[in-house]
Amino acid sequence: MSLSLLDDEEDFECPLCMEEIDLTDKYFKPCPCGYQICRFCWNHIKEDLNGLCPACRRPYSDDSVEFRPVPPEELARIKVAKKKRERERKEQDLAARKQLANVRVVQKNLVYVLGLPPKLQNEETLRSHDYFGQYGKITKVVVNRRSNLGGVQQAVLSPGPSNANSGIYVTYARKEDAARAIEAVDGSLCEGRVIRATYGTTKYCSYFLKNQPCQNVGCQFLHEPGEEADSFVKDEHGYVALGRQRS
């Protein structure tokens, strides 16, 4: 039985090293059984290993190698087909990334807090051991001065008169520390205010959506796909879980 691996509609990869085999070696068969591998692996097996075909265990021999050049017209056709597949894959990937523009992903190391008195809403105070520093190492603190909260946090926290003020984002080095902070802070009282805390969300970096390297040093947005269970997408009713929206 022939084990030839090349199909004009698929990439030609060596089954041993998984590297792409040069198109000119389409008809290179080092063993009579027809099992195809790249020339590098073939030489490696002959020179450094047991010299046996990985498929039929027959000893490799230069006399049994079957090879004929790929006709120029066939080689040209294969190259055109390959470029077309690569272009289609890039277009599909870009289209899939663009669909993530309205997606927000829960960050398990990011805490969003509402209800803190204005005098506490500064980075030095929030980082101190008296406040959020007691739960673990903090990598970043952001005070959102916008008076209205939107998106996923609004659906989770439902801000009322006691906490409709600046939102605080506290990023921890560890997810476990963020969980401890939320457990300790959410629902607590501070100067008569009810403090609400939940996991924060973030969006995908615009460079990631365009499949380009990010140019922003220290960018806080996502540069790889997030877990679907932690993803929310906006529709006419607001933000809903991505899996539920698809169904």
Side-chain angles (χ1 to χ4, degrees), residues 1-101 103 105-109 174-175 204-205 207-215 219 221-231 233 241-247:
M1 179 179 67
S2 176
L3 297 177
S4 177
L5 299 177
L6 184 61
D7 188 316
D8 288 349
E9 301 301 321
E10 299 294 338
D11 291 330
F12 189 21
E13 294 181 345
C14 173
L16 302 184
C17 67
M18 301 308 294
E19 294 291 335
E20 185 175 358
I21 296 180
D22 192 285
L23 292 176
T24 57
D25 287 337
K26 175 181 179 180
Y27 298 116
F28 171 71
K29 298 178 181 180
C31 181
C33 75
Y35 188 72
Q36 290 183 269
I37 59 177
C38 68
R39 288 179 182 267
F40 175 84
C41 288
W42 174 58
N43 281 304
H44 178 57
I45 292 173
K46 288 199 309 173
E47 302 297 331
D48 305 319
L49 301 179
N50 57 17
L52 303 179
C53 172
C56 69
R57 313 306 293 173
R58 183 180 305 174
Y60 277 136
S61 169
D62 292 341
D63 296 333
S64 63
V65 172
E66 178 185 336
F67 174 75
R68 60 185 177 87
V70 181
E73 61 275 11
E74 182 178 354
L75 188 61
R77 178 175 56 81
I78 293 174
K79 289 182 177 180
V80 170
K82 181 179 179 181
K83 288 182 179 179
K84 180 181 179 181
R85 291 196 305 271
E86 291 176 348
R87 183 172 63 253
E88 290 174 346
R89 288 171 184 170
K90 289 181 179 179
E91 291 174 351
Q92 292 172 358
D93 180 64
L94 186 59
R97 288 172 184 254
K98 287 183 178 179
Q99 293 180 358
L100 297 175
V103 173
V105 182
V106 175
Q107 296 295 95
K108 294 299 180 65
N109 67 329
R174 302 194 317 151
K175 297 178 181 179
Y204 287 94
C205 174
Y207 286 101
F208 172 80
L209 296 177
K210 292 183 288 187
N211 197 23
Q212 297 175 356
C214 182
Q215 303 297 316
C219 179
F221 298 127
L222 292 177
H223 299 90
E224 60 183 20
E227 295 291 336
E228 182 173 304
D230 296 330
S231 301
V233 64
L242 186 60
R244 184 182 305 172
Q245 189 265 350
R246 286 179 177 175
S247 61

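- Remark: Glu86 CD to Lys90 NZ distance equals 6.5 Å, nearest 0.5 Å.
- Across every non-hydrogen atom of Phe28 and Val65, the tightest pair is CE1-CG1, 3.5 Å.
- Minimum interatomic distance between Ile37 and Pro30 (heavy atoms only, all atoms of both residues): CG1-CG, 4.1 Å.
- Smallest separation of non-hydrogen atoms from Val103 and Tyr204: CG1-CE1, 4.0 Å.
- Within 6.0 Å of NZ on Lys210 lie more than 12 heavy atoms contributed by other residues, nucleotides or ligands.
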Enumerate donor-acceptor pairs with a distance under 3.5 Å from any side-chain N or O in residues 46-59 to protein atoms, sequence neighbours excluded.
unit_1: Lys46; atom_1: NZ; unit_2: Asp62; atom_2: OD1; d: 2.9
unit_1: Asp48; atom_1: OD2; unit_2: His44; atom_2: ND1; d: 2.9
unit_1: Asn50; atom_1: OD1; unit_2: Leu52; atom_2: N; d: 3.0

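- Qualifying side-chain contact (heavy atoms from CB on, under 4.5 Å) partners for Lys84, counting only residues two or more places apart in sequence or in other chains: Arg87, Glu88.
- Rounding to the nearest 0.5 Å places SG of Cys31 at 11.5 Å from CD of Gln36.
- Put simply, CG on Leu209 and CZ on Phe221 are 10.5 Å apart, with the number rounded to the nearest 0.5 Å.
- Not a single side-chain hydrogen bond (donor to acceptor under 3.5 Å, both in side chains) links Asn43 to another residue, sequence neighbours left out.
- For Leu222 against Phe208, the heavy-atom pair with the smallest separation is O-CB, 3.8 Å.
- Residues Gln215 and Pro213 meet the side-chain proximity criterion, which asks for heavy atoms closer than 4.5 Å.
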